[in-house]
Amino acid sequence: PSGCPMKANHKTVNTGGGGTRNKDWWPNDLKLNILRQHTGVSNPYNSQFNYAEAFKSLDYEGLKKDLTALMTDSQDWWPADFGHYGGLFVRMAWHSAGTYRVFDGRGGGGDGQQRFAPLNSWPDNASLDKARRLLWPIKQKYGDKISWADLFLLTGNVAIESMGLPMVGFAGGRADTFEADESVYWGGESTWLGNDVRYASGQAGPDKPGVIDGDESKKEHTDIHSRELEEPLAAAHMGLIYVNPEGPDGIPDPVASARDIRTTFGRMAMNDEETVALIAGGHAFGKTHGAGPTENVSDEPMGATIEEQGFGWNNKYKSGKGPDTITSGLEVIWTKTPVKWSNHYLEYMFKYEWEHEKSPAGAEQWVAKDADAFIPDAYDPNIKHKPRMLTSDLALRFDPAYEKISRRYAENPQELADAFSKAWFKLLHRDMGPRSRWIGPEIPKEVFLWEDPLPDLDHPVIDDQDISALKKELLSAVDPTHLITTAWASASTFRGGDKRGGANGARIRLAPQNNWKANNPAQLKSTLAALEKVQQNFNSSAKGGKKVSIADLIVLGGSAAVEKAAGVSVPFTPGRVDATEEQTDVKSFEHLEPKVDGFRNYGKGTQRVRTEQFLVDKAHLLTLSAPQMTVLVGGLRALNANYDGSSYGILTKRPGQLTNDFFVNLLDTQTEWQQGQDEIYFGQDRKTGEKKWQATRNDLIFGSHPELRAIAEVYASSSGQDRFVKDFVAAWVKVMELDRFDIA
Ligand code: HEB
């Protein structure tokens with residue numbers, strides 16, 4: 001970094017965590033760090049602090065008034081274009097939410113990560129350091145009653161409203177985190193705007209082979225018309241929210257840009273209509289910034305000097321701000337009313353033909369041919385500009401499917417306004433989880449399918465007496481092992497990033513979940529049929545209108561089976577409801593399918609990801625700590641709960657009982673392990689050679705990884721059995737209730 005007084009690199013720094021570290025020595029070691037993030041020690045609010053409670057005393061209208069006033073309160077240190085910060089704040093909110101991706105539910109604006117690296121320093125987030133700092137006086141005023149995460153998004157909403165377009169609504173409820181999140185895979189490239197890794201396995205075109213062998217000099221573009229973006233990524237370049245505005249890899253080809261846009265916006269859960277609405281709506285506002293050559297701009301916040309105090313991208317071009325701002329290096333003003341909602345963006349798009357040009361910073365952009373200069377300048381009333389567009393904008397005209405939609409919106413402004421408002425609301429709230437987490441006075445009445453809605457609980461639920469009777473009935477109706485696998489299959493779809501999935505709703509009855517291979521569909525079907533009988537029996541005879549849902553029966557059955565196997569009681573809280581097919585978006589639920597689930601020994605690694613790395617990833621989605629992951633795997637093995645009933649990792653002579661045998665036998669030095677075919681390992685007696693066990697990498701990792709072994713030792717010790725049972729039950733109940741925001 002420039003201006004860094006330290007000549008040494010971090011490996012020779014001999015204090016404060018410097019030096020050559022484990023991740024330098026053994027870069028491929030299994031990393032558990034993502035399982036211990038955002039714990040009490042990184043959070044200055046103590047564990048008593050409840051954001052939702054604090055939010056209740058927020059003066060919400062007062063905050064909105066202050067935000068509205070801020071829009072036109074131009075500051076000398078960072079003047080507002082056209083006297084209004086609306087465009088800047090809309091972009092801030094969009095970049096905050098826009099990192100969300102459907103595959104793992106990570107990213108998004110849910111925990112205020114734009115304050116931290118790498119997002120605070122992504123090239124695409126240039127100048128948003130200024131936007132966030134403009135908000136500081138307001139954040140300071142309202143303190144812990146409004147989180148940064150909520151504030152970034154609410155500010156974008158208020159910005160749009162203050163520019164004349166009413167919004168569908170807004171929900172708060174995003175609590176802040178206080179450390180950089182390490183769990184999100186943003187790509188494997190080590191250069192900003194690189195994309196050599198994310199397209200490496202895509203089909204390379206015949207004329208432009210994708211040579212990816214680590215040799216930079218041989219690196220060429222993969223074919224921008226056919227390459228496939230690796231999962232779970234939703235951005236075409238390292239450090240961008242979505243696509244390169246200049247076109248794929250900087251090639252100004254609007255049709256190829258459309259392909260990238262469709263892929264990346266699709267992975268943000270947006271269809272073509274929503275995508276067109278978002279871009280056309282978003283670029284109704286503001287301008288881009290490329291007043292001069294980008295060499296004038298210094299390092300991003302993480303590379304900046306200490307005296308810059310968290311700012312980055314210091315710009316030495318003339319005044320370095322206002323009319324001289326350099327952000328993207330593009331210099332475009334889309335419409336003649338950049339701080340007022342309008343349909344001009346699409347109007348001009350079809351009215352003019354577009355000519356290729358370079359911005360003052362040398363970036364690829366487009367200017368309207370034969371147009372008069374009628375667009376106002378952001379600062380000088382005497383200057384007028386011609387309409388301009390980005391390559392990614394023209395994708396909306398030159399891609400045939402986008403074109404149809406764009407023309408319709410161009411001719412029907414109200415349709416665009418409605419579609420934009422709804423898509424924007426979805427963009428901001430997509431990763432919030434169920435409505436029961438939403439707070440504040442502006443929650444829309446309309447329920448959207450992407451919320452994964454649940455029916456209201458409109459009847460009394462089962463009481464303690466019913467619960468004990470039902471447990472007996474369930475245990476006699478279904479093999480306890482199947483009760484456990486069904487409960488696990490149902491609850492473990494939860495993912496902490498976007499809070500989708502979980503047992504509530506009993507969507508495991510419905511497509512697509514009822515057909516997932518990991519769920520052992522045949523076995524699942526017969527278990528569910530038995531549960532339905534129990535339900536019918538109960539509901540037809542229960543008094544006082546009481547009913548039991550299948551969702552409750554699934555969890556109760558699992559808990560009853562664990563209780564029986566453990567000999568201790570397992571807490572259960574009723575109140576789950578059953579979702580209908582109409583409330584279930586099959587396509588979007590497909591993203592929740594586990595490709596690998598080490599907890600039930602399902603699936604295995606790929607060329608690039610080891611099996612045990614998938615296990616840790618799944619544990620992270622389930623918001624588990626390393627000890628919780630360990631105790632659950634050991635317990636599920638003891639309970640014989642592999643998805644297909646296989647004996648891999650069932651290191652016990654008494655499967656079905658909740659014992660610490662898995663750990664005792666795994667750590668038994670008398671057993672020698674050998675690798676067989678297909679990631680199956682055999683454990684044999686060192687002396688006699690007798691084959692004793694079979695296991696997978698999901699099992700053996702608890703004996704080989706030093707930190708996991710350390711945890712396994714705790715459970716394998718003479719004092720370990722009681723602790724093991726207690727911890728297993730707690731972790732089990734945690735997983736069963738991950739989605740119970742209604743009781744939290
Ligand atoms: Fe945007 C701006 C790109 C989408 C909203 N963008 C912008 C820029 C660029 C872009 C380059 C400039 C920056 C500077 O400053 O320089 N976008 C883009 C792309 C895309 C987009 C490529 C995909 C296609 N946007 C979008 C969306 C939205 C937006 C979706 C919303 C919704 N943007 C925006 C705004 C702005 C922008 C508002 C302005 C800002 C200011 O004004 O500051």
Side-chain angles (χ1 to χ4, degrees), residues 71 81-82 84-98 100 109 131 152-170 241-243 245 257-258 261-262 264-266 268-288 332-351 375 387-397 399 401-430 442 444 446 448 450:
M71 296 297 154
D81 300 333
F82 311 100
H84 197 296
Y85 288 120
L88 179 65
F89 283 135
V90 170
R91 178 170 157 254
M92 175 191 72
W94 138 244
H95 283 205
S96 178
Y100 172 78
F152 293 152
L153 302 181
L154 176 60
T155 303
N157 231 46
V158 172
I160 297 174
E161 288 178 332
S162 77
M163 294 187 288
L165 184 68
M167 290 283 88
V168 168
F170 182 83
I241 307 297
Y242 280 103
V243 306
S257 177
I261 293 172
R262 187 165 284 117
T264 57
F265 277 69
M268 188 189 53
M270 299 295 171
N271 64 24
D272 278 5
E273 304 233 336
E274 291 164 325
T275 302
V276 173
L278 279 173
I279 299 170
H283 289 179
F285 304 119
K287 71 183 287 283
T288 74
V332 163
I333 308 173
W334 291 284
T335 85
K336 68 172 185 194
T337 57
V339 297
K340 206 172 154 277
W341 170 255
S342 79
N343 220 22
H344 300 320
Y345 170 88
L346 289 177
E347 181 195 323
Y348 304 166
M349 183 172 294
F350 292 107
K351 180 167 170 190
I375 297 210
R388 290 190 161 79
M389 291 268 168
L390 309 173
T391 302
S392 55
D393 292 317
L394 294 183
L396 303 191
R397 171 165 167 185
D399 175 87
Y402 284 156
E403 186 201 351
K404 260 194 216 147
I405 301 164
S406 302
R407 283 197 191 271
R408 177 154 51 80
Y409 288 154
E411 284 152 24
N412 301 283
Q414 194 51 47
E415 221 182 298
L416 172 65
D418 292 341
F420 173 62
S421 176
K422 278 195 183 157
W424 175 262
F425 183 77
K426 177 176 172 181
L427 173 71
L428 268 47
H429 298 79
R430 183 79 191 79
E442 290 193 289
E446 181 175 356
F448 303 100
W450 54 259

Legend entry - Side chains of H283 and T288 in contact at under 4.5 Å (non-hydrogen atoms): no
Legend entry - H95 side chain near F152 side chain, heavy-atom distance below 4.5 Å: no
Inset, instruction - Work out which heavy atom in W334 is nearest to a heavy atom in G286; give both atom names and the distance. - result: CE3-O, 3.6 Å
Legend entry - F82 vs I333 side-chain heavy atoms within contact, under 4.5 Å: yes
Inset, instruction - Kindly indicate whether a cation-pi arrangement holds for R262 with Y402, taking the cut-offs as under 6.0 Å to the six-membered ring centre and within 45° of the axis. - result: yes
Inset, instruction - Decide yes or no for R397 and F350: does some side-chain heavy atom of the first lie under 4.5 Å from some side-chain heavy atom of the second? - result: yes
Inset, instruction - Heavy atoms only: give me the nearest G109-L153 pair and the separation to one decimal. - result: O-CD1, 4.2 Å
Inset, instruction - With rounding to the nearest 0.5 Å, note down the distance linking CD1 in I405 to CG in L416. - result: 11.5 Å
Legend entry - Option among F420, W424, Y242 that satisfies the ring-ring contact (aromatic ring centres under 6.0 Å, His included) test with W94: Y242
Legend entry - S392 side chain near I261 side chain, heavy-atom distance below 4.5 Å: yes
Inset, instruction - Answer yes or no: is there an ion pair linking D393 with R388, defined by an N-O contact shorter than 4.0 Å? - result: no
Inset, instruction - Considering only NZ, NE, NH1 and NH2 on the basic side and carboxylate oxygens on the acidic side, decide whether E403 and R407 come within less than 4.0 Å. - result: yes
Inset, instruction - Kindly give the heavy-atom pair with the smallest separation between A269 and K426, and that separation in Å. - result: O-NZ, 2.7 Å
Inset, instruction - Give the intermediate values and the outcome of side chain to side chain contact (heavy atoms under 4.5 Å, CB included) for residues F170 and H429. - result: CA-CA 8 Å; F170 182 83; H429 298 79; 4.0 Å; yes
Inset, instruction - Please determine if K422 and E273 form a salt bridge, counting it only when a charged side-chain N lies under 4.0 Å from a carboxylate O. - result: no
Inset, instruction - Determine whether the side chains of N157 and E161 contain a donor N or O and an acceptor N or O closer than 3.5 Å. - result: no
Legend entry - Note, T391 side chain near P245 side chain (heavy atom, < 4.5 Å): no
Inset, instruction - Go through the steps for K340 and T335 under the test side chain to side chain contact (heavy atoms under 4.5 Å, CB included), then give the verdict. - result: CA-CA 9 Å; K340 206 172 154 277; T335 85; over 6 Å; no
Legend entry - N412 side chain vs Q414 backbone, donor-acceptor pair below 3.5 Å: no
Inset, instruction - Kindly state whether the ring of F448 and the ring of F425 have centres lying under 6.0 angstrom apart. - result: yes
Legend entry - Full working for side chain to side chain contact (heavy atoms under 4.5 Å, CB included) between E347 and S342: CA-CA 9 Å; E347 181 195 323; S342 79; over 6 Å; no
Legend entry - CE on M163 to CH2 on W341, rounded to 0.5 Å: 9.5 Å
Inset, instruction - State, with a plain yes or no, whether a side-chain heavy atom of V158 is found less than 4.5 Å away from one of L154. - result: yes
Inset, instruction - Check L427 against G98 and note the closest heavy-atom contact, atom names and distance. - result: CD1-CA, 4.3 Å
Legend entry - Pairwise distance CG(D399) to NZ(K404) - rounded to 0.5 angstrom: 10.5 Å
Legend entry - Backbone N/O of W450 and side chain of R430: donor-acceptor pair under 3.5 Å: yes
Inset, instruction - Check whether any side-chain N or O of N343 sits under 3.5 Å from a backbone N or O of Y409 as a donor-acceptor pair, and report yes or no. - result: yes
Legend entry - Separation between CD1 of I279 and CG of L390, rounded to the nearest 0.5 Å: 10.0 Å
Inset, instruction - Of all the heavy-atom pairs spanning F89 and A131, show the shortest one and how long it is. - result: CE2-O, 3.4 Å
Legend entry - Check: K287 and P338 side chains under 4.5 Å, non-hydrogen atoms: no
Legend entry - Residue pair P166 / S421: nearest heavy atoms and the distance that separates them: O-OG, 3.8 Å
Inset, instruction - Before giving the answer on side chain to side chain contact (heavy atoms under 4.5 Å, CB included), spell out for L396 and M349 the whole-Å C-alpha distance, their side-chain angles and the decisive distance to 0.1 Å. - result: CA-CA 9 Å; L396 303 191; M349 183 172 294; 3.9 Å; yes
Legend entry - Test item: T275 side-chain N/O and N271 main-chain N/O as donor-acceptor pair under 3.5 Å: yes
